[in-house]
**Student:** 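Here it is, the structure in full.
The model shown is predicted, which means the values in this text are computed figures rather than measured ones.
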Amino acid sequence: MAPPLHPAPASNPQRERDVPTPTTSSLHALFLRAVDPSRPASWSAAVTDLLSSGDAVAALATFAAAVRANPAALRPALPPALRAAAAATSLAAGRQLHLLALRLGLFPSDPYSASALLHMYHHCSRPMDARRAFDEIPDPNPVIVTAMASGYVRNNLVYHSLDLFRAMIASDSASVVDEAAALVAFSASARVPDRGVTASLHALIAKIGLEKNAGVVNTMLDSYAKGGSRDLEAARKVFDTMERDVVSWNSMIALYAQNGMSAEALGLYSKMLNVGGGIKCNAVVLSAVLLACAHAGAIQTGKRIHNQVVRMGLEENVYVGTSVVDMYSKCGRVEMANKAFRKIKEKNILSWSAMITGYGIHGHGQEALEIFAEMKRSGLRPNYITFISVLAACSHAGHLDEGRHWYSAMKQEFGIEPGVEHYGCMVDLLGRAGCLDEAYGLIKEMKVKPDAAIWGALLSACRIHKNVELAEISVKRLFELDATNSGYYVLLSNIYAEAGMWKDVERVRFLVKTRGIEKPPGYSSVELKGKTHLFYVGDKSHRQHKEIYSYLEKLLERMQEAGYVPNTGSVLHDLDEEEKESALRIHSEKLAVAFALMNSVPGSVIHIIKNLRVCSDCHTAMKFITKITEREIIIRDLQRFHHFKDGLCSCRDYW
DNA sequence: TTAGGGTTAG
């Protein structure tokens, strides 16, 4: 096997590779770097140089050349050679260097070789080999311990990492805990589900005077929000009192955006621009803010941020560009997403996936598959994530044959073992198409444990195809996995209601009550002049609620004149017809649309976000509303987009 | 004279 041209990215350890041997090109590199073979320092300098220029393989080859040319050069060149083996994730090369270190007497006595050796084993995903070596080191100094601790974090052995840190505190004076050790400790505590770890580390660094260190505090900010306490308020408190740099602002905004707190993210962003003390907008923060817009469906704000991206000349930037694509597609403007996508200069696999997903969630399965084909033509090899996008697109568009085709091609042609996400798409696709037994069969043959999303997909399919028996099987599994999710109870009770099994409906409702499960109320939100307005069913908390209700009344009258008949079949309570009709009139999406209509002109686009599925009556109602009022309405619900235009739902995935 | 480091984006 030819040695790889570039080392694997450090954050993505790959499998062991063959030891690179010196090649003509690396000897050429040697020549270019003017190594003086007789000077030992010249060899180590060449290895270090090549490594820092990103060519770990050439660095290793140079070391191998030194072995033959000048044995005296090995001692200083060994640590950088070990780091090269780590960067190339070449365990075979690393093991040979380990043997050499033993032969030269550099291990375990030389701390420089020792720390580099641990680093190598951790980067090659061999934490237990690192541990064995670590245990042979008689009196590991703080640098070695920190190398060990960070390696544990890299390999997801966070508790081992924290144990080392605790031992570090206990063993000696606290002065051994320096900036590097504290950074590692906080990065570990961000990955641990226990509450209070971050707070106790916080107390410790305050004691040893690292509380003013921006790097350490930024890492702490992150671990407050991501660690066991999941405490964004604590993170905000730290943020408010610290000396903030650009990373602090970006981190806090990103934390809000990632946790769905879009209003907070956007608010903090404008605060940063106004009172941030000279902190300037950059690519990182724009990506985070675009994520917040995508989540909130804040298309107007998203457009403003996009303008900012253009002004800063960042349209071609792959990170920002992909965020723009994601924002537009999540806000229902898939054509705008495509325009932004075309502007990205060096599209990576995630840019392509974002675009495939964009078309997919809008039900444009054909376009999604065309983008996929284009990606393959460009020479990129689809990976695990790409196939999630592709299969999800097939599932949303109801492309049964294509879905089956790509599912098997993924395994056979591309050697990718399907994960829960792929199974989820396939179960959804097969289930919706009515192939319930095939879907159930697929679940039974899964090698990984089916998660709630899989059984949930089967359960929804059971509702569509009115299969009570399989629904009960799915629910049983779902309750084993998560008995507190109200959604499953609602679905099950709906399935019983549609089958007229009112006694069972009552039984489920009784369960919900006795188990103390709370169902989050559904809401619809609409953005107006950059401000988001929220509506619940029958909501009267809005400032203009009186106007909204009377507007809606008149609108419903006009709709009924145009032929709209309330679809009371979707009301799953045991009510009489009249009660059912009035229950439908105050659905949150109708309130939100009425409010948006009052504040818009014909020809405009109304964009609504719904946190639950849009009911079939509201779906019908929107068709009439678009016809009467000449507005385009886009509703994004839990699973898909509905574009209503000219009285038609152009969403092809309403199948 | 060759060691250990983390946080922000899709």
**Student:** What is the distance, to the nearest angstrom, from the CZ atom on A:R154 to the C1' atom on B:dG5?
**Tutor:** 12 Å
**Student:** Round to the nearest Å and state the distance from A:Y319 atom OH to B:dA9 atom C1'.
**Tutor:** 8 Å
**Student:** Could you check how far CD1 of A:I137 sits from C1' of B:dA3, rounded to whole Å?
**Tutor:**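 To the nearest whole Å, that distance equals 11 Å.
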**Student:** To the nearest Å, how far apart are A:L118 CG and B:dA3 C1'?
**Tutor:**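 Atom CG in A:L118 sits about 10 Å away from atom C1' in B:dA3.
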**Student:** Do A:N250 and B:dT8 share a donor-acceptor pair, side chain to base, under 3.5 Å?
**Tutor:** yes
**Student:** To the nearest Å, how far apart are A:H123 NE2 and B:dA3 P?
**Tutor:**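 From A:H123 NE2 to B:dA3 P: 14 Å.
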**Student:** Determine the contact category for A:D110: base if any of its heavy atoms lies under 4.0 Å from a base atom, sugar-phosphate if only primed atoms, P, OP1 or OP2 are that close, otherwise nothing.
**Tutor:**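 Nothing, no heavy atom under 4.0 Å.
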**Student:** Below 3.5 Å, does any donor atom in the side chain of A:D178 face an acceptor in the base of B:dG5, or the other way round?
**Tutor:** no
**Student:** For a quick check, tell me whether the side chain of A:S187 and the base of B:dG6 share a donor-acceptor pair closer than 3.5 Å.
**Tutor:**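 Per atom types, no contact qualifies.
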**Student:** For a quick check of understanding: with a heavy-atom distance under 4.0 Å over all strands, which category does A:V184 fall into, base, sugar-phosphate or nothing?
**Tutor:**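 The answer is sugar-phosphate, as A:V184 gets under 4.0 Å only of primed atoms, P, OP1 or OP2.
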**Student:** For residues 204-213 of chain A, dump all side-chain donor-acceptor pairs below 3.5 Å to protein atoms at least two apart in sequence or in another chain.
**Tutor:**
residue : atom : partner : partner atom : Å
A:N213  : OD1  : A:G215  : N            : 3.0
A:N213  : OD1  : A:V216  : N            : 3.0
A:N213  : ND2  : A:E179  : OE2          : 3.4

**Student:** For A:F341, does the six-membered ring have the charged nitrogen or CZ of A:K343 within the cation-pi criterion, i.e. under 6.0 angstrom from the centroid and within 45° of the normal?
**Tutor:**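 No; the conditions do not both hold, so A:K343 does not lie above the ring face of A:F341.
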